[in-house]
Structures are given as structure tokens and as C-alpha cells.
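Shown next, in C-alpha cells, is the structure this report addresses.
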Amino acid sequence: MGLRIYNTLTRKKDVFEPLNPGRVGMYVCGVTVYDLCHIGHARSVVLFDVIYRFLMKCGFAVTYVRNFTDVDDKIINRANQVGDYWKDLAERFIVEFYTDMDALGVLRPTHEPKATEHIGEIQALITNLIHKGFAYEVDGDVMYSVESFSGYGKLSGKKIEDLVSGARVEIDQKKRNPLDFALWKAAKPGEPYWDSPWGPGRPGWHIECSAMSVKYLGERFDIHGGGADLTFPHHENEIAQSEAAAGGAFATYWIHNGFVNIRSEKMSKSLGNVLNIRDILKTCHPETLRLFLLSSHYRSPLDYSDESLKEASSALERLYSAILVLDRLIDAKGLSSDRPEEIMNLSSRFVEAMEDDFNTPRCLAILFEAARCINRINTEYGANVEKIPSSETLLNCRTDIINLSRDVLGILKEEPVAFVERARHAGTTELGITVSEIDGLISERGQARKNRDFKRADEIRDKLAGFGILIEDGPKGATWRVKDRN
RNA sequence: GGCGGCUUAGCCAAGCGGUAAGGCGACGGUCUGCAAAACCGUUAUACGGCGGUUCAAAUCCGCCAGCCGCCUCCA
């Protein structure tokens, strides 16, 4: 069938045909480093991480570029607020970015260019645009003339006239058209600047992506991505800049991810409901957050709530625990030649789902169907070697589940035994009771149960429950876990 | 005002013309001293409403209602 991608430019799913067979060039707009990353950033970064992983799994040699915007109004303003040097502030939040993304298991792109390290390329591009008549200088600023580019609006489906009449654009006497945007901004006193043919100043926001994408990927490349909000004006302006400078086409496929809402509300600073990645990660396993982010289609809005994260956590545990069951079945050395559909051809069905515009929810459903099948085999035939499928069949299934989950989705990377153990005891230190005290009480309760003193046994269970500890009796004695953990 | 999108069980969520995936929850069962956990099973004659096209529509078209996003920095 082949890979099909919903392309914002054509507004339909297009068959993916790379410019150069076997190779893919992908540019994704990264973050402006002036604050900690929130769950919305996580969604975008994880999505493109999964796309990157999948393209590699398909055998493509992928050049993946994700930039850092490290000089901009927001950075300068924030630095002034906190009394920091803008460059130090930006560098610090780059470190914080990596802290969060590494925790989420996000792979490093091929190149991660910073705007401040490409001032030369940016200036050359602006000079080129002025020479070709697409840009003009006014008092040390350089503006892009949207009317000079006939394709302006083709990505976002907007017309210049409609936008102008919308009256939401700020009227600036320097601009020939209210929609013209800055390629180069003259420095105001106290602002960072670089010398340029137009005087001291700094790059506008949109131009860095045009300059850096051409440097690392060439004038034409395959995939350009980012959050849905970047479609206009950022990506529209990038197209205008890059196509005007090159005199030809820019990126072929435009991918935009939907937003994360918090309890059905838009996440925004003014509502005070911005959720940082690291705060969420204090309450759940990183793979839980990844699973949550991949549980709905990337173009749909995704609603975050404590409950939905908890659901993702339960779902992740279900997968890990199925692997544990599978391992027991493999050890059982089954003799049946049965090959249940749910655990066969996982790889081809998974790839088929991914090829359909990166349908990760369908991928997860395939994994859960396999998990249910494994559990059913265990409960129905667990004691009957004649009925358990052969170790070879089950081992292939295990390999598929682990490889697809780990390599493409970036989950199930832990040893199942270790994961289950960790999930049970995570957060113990905050309970006000030590592990040895817990173990002491549990062995006392075990003794009481042995003596059929169930009153005492239940007292101990209630006492531990008061500390948030849940007792689980098993064939090999009681184990415990921390309650209400994601 | 302009442009775009969404509406599927209690909740989340696939589905892209052939007769409703999956997850969570709930309920029933197995297990247990009783529980918990785990597992199994059950859980939408039905896809916002009304028309139309078709042998066949959640899926295509039209109208209506509701929700949302972008048009301003934003993933």
C-alpha cells in the first residue's frame, strides 16, 4: 500500500514519494527556548520522533532537522524580567529541553541548528530576497512583501484581501502591506544585535527556518512539520521566503499536529493551566505519557486530564504484564501448532496502520489485541502444554511486540519484570513509612493469616491502607504496591 | 467577518462505500478466609438531526444544530 500522509498543502492524504528514492529530508520547527516545555511541546516532539523512527524502520535514510529559536522577543523579554543575559537564558532552557525530551525517550535529530549560529546564512538569504525584489528595507528593518509572491496563502488557504480586511493585523506605517513581515529587525537600545548591510539588528522569526532548512536539506525536501498553530503565519511565510529565493518548490509534505487541551480548555498562560512535562513526569512513568500522547490521532485535539493519564497508565501496565504472561507461556514449551490471528503478522498489520497517516491508535489496538490473545491462551490452556502454541510462534510474537513498541512508538523499553516492580513501589518515600516497616507488617500479617487470625490480618491490611499501601496476596505470599500512582 | 476542522457506547478513541477495532470504567465470573490485584466474559441494530446519491453510507453530497481551531506570540 505504501505510506500516505495527510498534507496540509493539498488537504488530503497523499502517497508519499520521496524526492530521492530511499532518502527522506524532514524539517520540524522546534521550540523557542525561554521557558520549560509543556505537554503541547511534548505532543509535537513525540509525534515527529515517532515519524522519524517509523521512516527509519521503513528503511529510509532520514535527515531530520529540528531547530532551536534562541534569539527572539520572548527570550529578550524574559531575560530582562529575571535579570539574566538573554544568551545564558536561552542556553539554560536548551539544557532543560534535553532533560525533558531525554526523559521521554526522544531520539536526537540529525541536526539541531540554532538561529544565532546561522546569522551569516540568514543575511545571505535576506540579501537574495532583496535582490530578487521580494523584500525591501525601511529604517534598518527589512520587510518581506507578501504581494510580490503570487502563492502567498496557499498553505493556510487564506487570501491576502481577506486577511487585510480581518483588521486583526496591526497597522504599521513602515509596511507596504499590513501583512508584510520582518526578515530583519533593527536593534533597539539594549537589545542583542549583529552587524548587517542594513545596520545592527537581528533576524525575524520566520527567516531562520528558511535559512537553516536549505543549508541542511537543500532547496527542496520532503517533509516539513510543526504544531497546527504554525501553519499561519509561520509556515506560510517560510514558503514565501524559500520559494521566492529558490525560484521553485519547497517542502512537499506539510504535517501539522493538533493541540493538547487541559480538561477541555485551551492551555494558555492566562488561564494558568499550562502543564510542564517535568511536572507530569513526577506523577507518571515517561512511557505512560508517551502512550497517552499516541493514543489519539495526531491531527485530532487531545484532551489531558488526570483521569486520561491514569487510563494510559493502566493500559501500559496491561501491555507489560502481557509480556510477563507471554514469557511464562514460552517457557512452557507448548506443542500446539495453533497460530492465532491476533498474535500473527503483527509487524505487517502495525506497519499498515502506520502507513495510513501514522495511525498510532490503530497500532496500539493491534498490540492490545495481541495482549488479550496471550492472556486468553494463558487462562484457557495455561496448564495444558498440548494446547499452548509453540515457543517459536510465541517468541516471534514477543519479538514483534517489543521491537515495534520500542523502535517505533518508544514504549515497552524496560524489562517487564523491572517495570512491574518499579510501578508497584514508586513513590514509597513520600508515604511516611519505610520499606522495612512495610515488610515487617506484611510478614506479621502472613503469620496471623497462617494462624487464621483474620481479624489481626485485616487490621494490618487496614493500617497499611492508611499509608496508601495496597496488599496483594499471591501464591508466593503477599506483595504490596503504592495506591493511586499513575 | 474570512478560512479550516470536529460531532461514533458511561468516558477516551479507530473507522475513509460492504454491514461498528481498541483502551478505561461498569457489571458477571475465576481466584481468595474475606478482599485486592490479575485474568476471562458481557457491555452501540448503532455512528448530532433531516434529506439525497447508491444494490449497499458512520463512511459520498446538501441543508440544519452544536462544539473547536486559525486569522495576534504560541506546539
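Each chain gets a letter, A, B and so on, in the order the sequences are listed, and its residues count up from 1. No experiment lies behind these values; they were computed from the predicted model shown.
- A cation-pi arrangement is absent between A:K12 and A:Y6, since the terminal nitrogen or guanidinium carbon is not both under 6.0 Å from the aromatic centre and inside a 45° cone about the axis.
- With B:A75, B:A14, B:C39 as the choices, the nucleotide that has an atom nearest any side-chain atom of A:N375 turns out to be B:C39.
- Here the C1' atom of nucleotide B:G4 and the CG atom of A:L155 are 12 Å apart, to the nearest Å.
- At a threshold of 4.0 angstrom between heavy atoms, the contacts of A:K74 are confined to the sugar-phosphate backbone, with no base atom among them.
- Among the heavy atoms of the strands lying under 4.0 Å from A:T379 are primed sugar atoms or P, OP1, OP2 only; no base atom is included.
- Remark: A:K174 NZ is packed, more than 12 non-hydrogen atoms of other residues, nucleotides or ligands lying under 6.0 Å away.
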A:K310 and A:D306: CA distance, side-chain angles, deciding distance, salt bridge (Lys or Arg N to Asp or Glu O under 4.0 Å) verdict: CA-CA 6 Å; A:K310 185 78 181 72; A:D306 294 341; over 6 Å; no
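- Across all strands, A:G153 comes closer than 4.0 Å to no nucleic acid atom at all (heavy-atom distances).
- A cation-pi arrangement, defined by a distance under 6.0 Å to the six-membered ring centre and an angle within 45 degrees of its axis, is absent between A:R66 and A:Y52.
- Atom-to-atom, CZ of A:R263 to P of B:C11 comes out at 16 Å; the value is rounded to the nearest Å.
- Residue contacts for A:V260: at a heavy-atom cut-off of 4.0 Å it reaches a base atom on one of the strands shown.
- Across the interface with RNA chain B, nearest-nucleotide mapping of A:N257 and A:F232 shows A:F232 to be the residue nearer the 5′ end.
- You'll find the side chain of A:I76 reaches within 4.5 Å of the side chain of A:P192, heavy atoms only.
- Contact between the side-chain N/O atoms of A:W205 and the OP1/OP2 oxygens of B:C74 is found at a separation under 4.0 Å.
- Distance check on atom C1': B:A9 versus B:G22 gives 13 Å, rounded to whole Å.
- Distance check on atom C1': B:U45 versus B:C12 gives 23 Å, rounded to whole Å.
- Rounded to whole Å, the separation between the C1' atoms of B:C71 and B:C63 comes to 27 Å.
- In this entry the distance linking CG of A:L230 with P of B:C73 reads 11 Å, nearest Å.
- Using a 4.0 Å heavy-atom cutoff across all strands shown, A:T231 reaches no nucleic acid atom at all.
- A:S300 comes within 4.0 angstrom of sugar-phosphate atoms only, judged by non-hydrogen atoms across all strands, and of no base.
- Among the protein residues, A:T479 comes within range of no part of the nucleic acid, since none of its heavy atoms lies under 4.0 Å from any strand.
- Here the separation of B:A13 from B:G17, taken at their C1' atoms, is 22 Å to the nearest Å.
- The interatomic distance linking A:K159 (NZ) with B:G1 (P) rounds to 16 Å, in whole Å.
- Rounded to a whole angstrom, the distance from the P atom of B:U59 to that of B:A20 is 14 Å.
- For the pair A:R4 CZ and B:C16 P, the interatomic distance rounds to 10 Å; values are reported in whole Å.
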From CA spacing to verdict: side chain to side chain donor-acceptor pair (under 3.5 Å), A:S210, A:E238: CA-CA 6 Å; A:S210 288; A:E238 264 187 77; 4.8 Å; no
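- Checking A:A365 against A:A228, the closest nucleotide of RNA chain B that is more toward the 5' end is the one next to A:A365.
- In this structure, the nucleotide among B:C71, B:A37, B:C74 sitting nearest to the side chain of A:K266 is B:C74.
- Nucleotides B:A58 and B:U7 place their P atoms 15 Å apart, quoted to the nearest Å.
- When heavy atoms are screened at a 4.0 angstrom cut-off, A:G227 is found touching the sugar-phosphate backbone but no base atom.
- Across all strands, A:R376 comes closer than 4.0 Å only to sugar-phosphate atoms, never to a base (heavy-atom distances).
- Closest to the side chain of A:R362, from the set B:C71, B:A14, B:C16, is B:A14.
- Atom name C1', nucleotides B:G2 and B:G18: the rounded distance is 40 Å, in whole Å.
- B:A46 sits 40 Å from B:U32 when the C1' atoms are compared, rounded to a whole Å.
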Where along nucleotides 23-35 of chain B does protein come under 4.0 Å, by heavy atom, of base (B) or sugar-phosphate alone (S), with - for untouched nucleotides? BS--------BBB
